[in-house]
Amino acid sequence: MEYQFRSIEKKWQDHWKATGAYRVSNSSSRPKYYVLDMFPYPSGAGLHVGHPLGYIASDIFSRYKRLQGFNVLHPMGYDAFGLPAEQYALEHGIHPAKSTAQNITTFRAQLDNIGFCYDWQREVRTCDPSYYRFTQWIFLQLFGSFYNRKIGKAESIELLKQAFASEGNINHVCPANENCRFSAAEWNSYPEKQQEDILMDYRLAYCGWGEVNWCEALGTVLANDEVVNGVSERGGHPVIKKTLRQWYLRITEYADRLLEGLDTIDFSEAMREMQTNWIGKSYGAEISFSLVNGDKQLSEILTVYTTRPDTIFGVDFMVVAPEHPIIDALTSEECKASVEDYLTYVKSRSDRERQAEKKISGCFTGGYALHPFTGRKIPVWIAEYVLMGYGTGAIMGVPCGDDRDHRFAQHFTIPITNIIGAAYDGAVANPTKDALLENSDFLNGMVMREAMAVMTQRIEELGIGRRKVNYKMRDASFSRQRYWGEPFPIRWDNGIARPLSEKELPLLLPEVEKYEPGPEGEGPLANIPEWVGEGLETNTMPGYAGSSWYFLRYMDPHNTQEFCSRSASDYWNQVDLYIGGTEHAVGHLLYSRFWTKVLFDLGQIGFQEPFRKLLNQGMIQGSSRFMYRLLLTRGERKDDHFSSDVMVSAGWKQGYEAGNISVQEILKEVAALRPDLVNEEQMKLTEGLIFQAIHVDVNIVDGLELDLSRIVQWRNGEYAQSIWLLDQGKYICGAEVEKMSKSKFNTVNPDQLVEKYGADTFRMYEMFLGPVDQSKPWDTKGIEGVHRFLKKLWRLFDDEQKGWMVEAAEPNAAEWKVLHKAIKKIADDTERFSFNTAVSTFMIAVNELNDLHCHKKAILEPFLILLTPYAPHISEELWSRLGHTDSILDAAYPAFEAKYVQESAKEYPISINGKVRANLLISLDATEEEVKEIVLQQEVIQKWMEGKPLKKFIFVKGRMINLVV
RNA sequence: GCCCUGGUGGUGGAAUUGGUAGACACGCAGGACUUAAAAUCCUGUUCGCCGCAACGCGAGUGCGGGUUCAACUCCCGCCUGGGGCACCA
């Protein structure tokens, strides 16, 4: 009988569900293995073929590990809080909990279709009170802790209080304010409010002030991507920076440990680099300069941060950020107007724009800094490329050694001092550290690299600066002015943040009437009198709160006492394989690494890196299809003369653009179709054509050919009246690779493909598409090939005409060889996540078995086990037809035996001067001397050597032979 | 601007450590079976040249250099597609 995938897949999915085949226990004699997919947000748009790529990869690997005898944890759940549901609620008045639950149902049905081996009993949802109760609890741990720099780990804030009471803060520098110093006596004399304010400066979760994108017209705070060119994306209203009270996590205290931890985990080099750059540790110095405005010496000083203190004698100007507080005092009378203009200009610019701007902009303040060694007056400028948040918000400009400084100096014709002699050519900056210093007073003749330490020491001796380690990373903003997130378990009491007791958790998200923001940029919770009346915090937590620890909850999802029992986390330990996209390179991955370290420090778990190995999946791009609307031009005018649309097939467009087809020819074609539309005069007046590309739904295009019967119904018949100018009876679309998205009509729904070809085909095709970690465009056409492969495999067992084919005979050497080659290659490929080559290996093996007419059980049975991770349904079906009553899911993975694949001879390619000229079968036992002799005897070789003497004979055993003449 | 990542036939891709470039599949072309279609099977398919064909020759992995007996693979300099960003010092 033929391969009936629909009934087979339904049958086994039901069976596996009924038998609880994917249930995982927290105790087992088998070794554990934990495979995790990145937490999905259940969006309303549903899955497209790009989403399951990583899930299929992780599913294959989980099943593979299970066959190898591991107890495999492979859970799934939902990162269910988030902005889209809230936006939806605002627009449609539907409670986010309701729409989210709906989305999850759809999501789940789509996942089930594909036949994943998730243990659904372990599902978690971050918006579920039984889950966020522990998110709140972990927040309280962060709130109740500080980072003890002395021992390099987090500790209870109670220990800090005791220390303050007995010794002041002498042993605990305040991370928020290094100048804060007090004795035990002082501490004990402080009123409670002041003590609490100080403690807040130490807590790992703390309240501070921060800037947000405030849009007055919308009355709300906007995310960065909702702001475009300084105005709101929706409506184009102005957006300004507004300072609000915000919660933060003191992740900066963990910068070094997050950096060091990277060496202990198996992340790609690229990923580690991205995190390293994000943390951005640099070594340098802070140097202070005194300032003058005109003749007046200012009391303020200007502190700059530099990684190159050795270049201080090359300073030709200073640049401060436009937000720098010194600007007021420093700006001279003459410069006031231009400075104000410049500051106004900068206010309209986002940080991103300021960074990306290629055009040099800046403004002189009129004030000067005094060089600490030479006393030279150095002009102080303002420029948008310097940002207030990093370092001190001020830099020293050294044009000869820094490219940007150099361009700045040239642009504003600031004279350039050369401190590196010939190493600087006067045209471009040279950022070397190895040049010898000149014009540098006591550093003259020194190599720059060495001068750095000398200079740092000198400025420390003089008390005008100090060595300083800087991080680009800053504390993580941890509050949102939103409704659909975890409420903070915090009650405000006369300006003091009081944590709720554990017994009061979960602090439930209250019901609201509407989801509009509260007054003055506060969140919707500020609209609830009872909530505000109790002094409860009106911010909610951001999306990454729930996703920073979810991998722990899967280990013990139903625990009502703890976030996760120690025995469960000790058993499952780290995630062995984590699969997800690079978009989480820094955000999510860094935060969850941070939370894990804190929980480790506090003794809650026994490991400090959450993910042992990370595999990044590439993005599946859409392959968009276009139809072309014809527009006529006359001079500058662009006109649509036609009362209804004329859609031109791609061939005409290409012909016109290549200059092979004239305007008149195309118009004549149109006139032939609809004489009423084009008249003589129009044809005369038309000078050119424009082909307006319109996205057309890829699902009504076969390859490039548009299905004309369906296009007329598309979008409620929007194109029903269109006129179609065809190429040889067909409408051919244009194509382009773009991001897969609904708006581009290039999404392909996995449900339809599963319906048409089955889950096994779909799974294998997603893998066959290319390396899992690379981005690639989707093309539905190729799926046929994979489907044919499964049918071919099926026919090895059961032929439509000939019936059941499997026989018990002992396989011959060729058959054994096919099997064992496949075992080796498929296990290796699966192990290194090269799923695409594994799929081709399956195809090659089936092709070969087919050629050998092999239907032997001893070959086919182990082959099915190999296939199980990739195509579980068909494998289980054929397995049961072979007579097994147990499930193939727990079969033993076949062992590779080298004896079956050993070769005695090899067909060597023989090159002369690197060009292959012959192939020769030579025994693998032959020594180099023997090989040389055999090769040189060959007539073909002699011919190619043309009698020239042999210079070199290269023999790589088992690979190739090269003769150099 | 910065960071990351790609670029190989008509298409997706293979080549795991520098060792026969184009596996496997799609598409396309031709053929078999069929009343016909579907399904299936067979043959061919990097480009150019000579040729009936076999065989053969030349070129070829984004571009330009380099290292090497040998480069898709390593080095230098460019071009270009994709993705990300909070803060370049």
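This is a predicted model, so every value here is computed, not measured. Below, chain A is the first sequence line, B the second, and so on; all start at residue 1. Heavy atoms only: backbone and side chains are in, while hydrogens, waters and symmetry mates are out.
- Comparing A:Met271 and A:Tyr471 by the nucleotide of RNA chain B whose heavy atom lies nearest to each, the residue mapping closer to the 5' end is A:Met271.
- You'll find the side chain of A:Ile60 reaches within 4.5 Å of the side chain of A:Met767, heavy atoms only.
- Of the side-chain N and O atoms in A:Lys791, none sit less than 4.0 angstrom from OP1 or OP2 of B:A39.
- Without hydrogens or angle criteria, A:Arg763 side chain to A:Ile56 main chain gives no donor-acceptor distance under 3.5 Å.
- If you find the closest nucleotide of RNA chain B to A:Met619 and to A:Val386, the one lying nearer the 5' end belongs to A:Met619.
- A:Ser268 places a side-chain N or O within 3.5 Å of a backbone atom of A:Met271 that can act as its donor or acceptor partner.
- Aromatic ring centres of A:Phe842 and A:Tyr870 lie closer together than 6.0 Å.
- The partner of B:G9 is absent, by the rule that a Watson-Crick or G-U pair needs both atom distances under 3.5 Å.
- Donor-acceptor pairing under 3.5 Å, judged by distance alone, is present between the side chain of A:Lys825 and the base of B:U16.
- Base-pair partner of B:G58: B:C47 (Watson-Crick or G-U wobble, both distances under 3.5 Å).
- Under the side-chain contact (heavy atoms from CB on, under 4.5 Å) criterion, A:Lys824 pairs with A:Asp828, A:Phe896, sequence neighbours left out.
- Among the heavy atoms of the strands lying under 4.0 Å from A:Lys776 are primed sugar atoms or P, OP1, OP2 only; no base atom is included.
- Pairing for B:A14 is absent, judged as Watson-Crick or G-U wobble with the two contacts each under 3.5 Å.
- Backbone-only engagement by A:Gln621 is indicated by non-hydrogen atom pairs under 4.0 Å involving sugar-phosphate atoms exclusively.
- With both pairing distances under 3.5 Å, B:U35 is matched to nothing as a Watson-Crick or G-U wobble pair.
- If you check B:U68 for Watson-Crick or wobble pairing at under 3.5 angstrom, you find it has no partner at all.
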Contacts under 3.5 Å, N or O only, protein and nucleotides 22-26 of chain B:
| residue | atom | partner | partner atom | Å |
| --- | --- | --- | --- | --- |
| B:A25 | OP1 | A:Asn847 | ND2 | 3.0 |
| B:C26 | OP1 | A:Arg788 | NH1 | 2.4 |

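- Between the side chains of A:Ser840 and A:Thr837, no donor N or O sits under 3.5 Å from an acceptor N or O.
- For the pair A:Phe313 and A:Met455, the minimum side-chain heavy-atom distance is below 4.5 Å.
- Taking side-chain N and O atoms only, A:Arg795 has a distance below 4.0 Å to OP1 or OP2 of B:C41.
- Pair assignment for B:U73 gives none, since no Watson-Crick or G-U wobble pairing has each distance under 3.5 Å.
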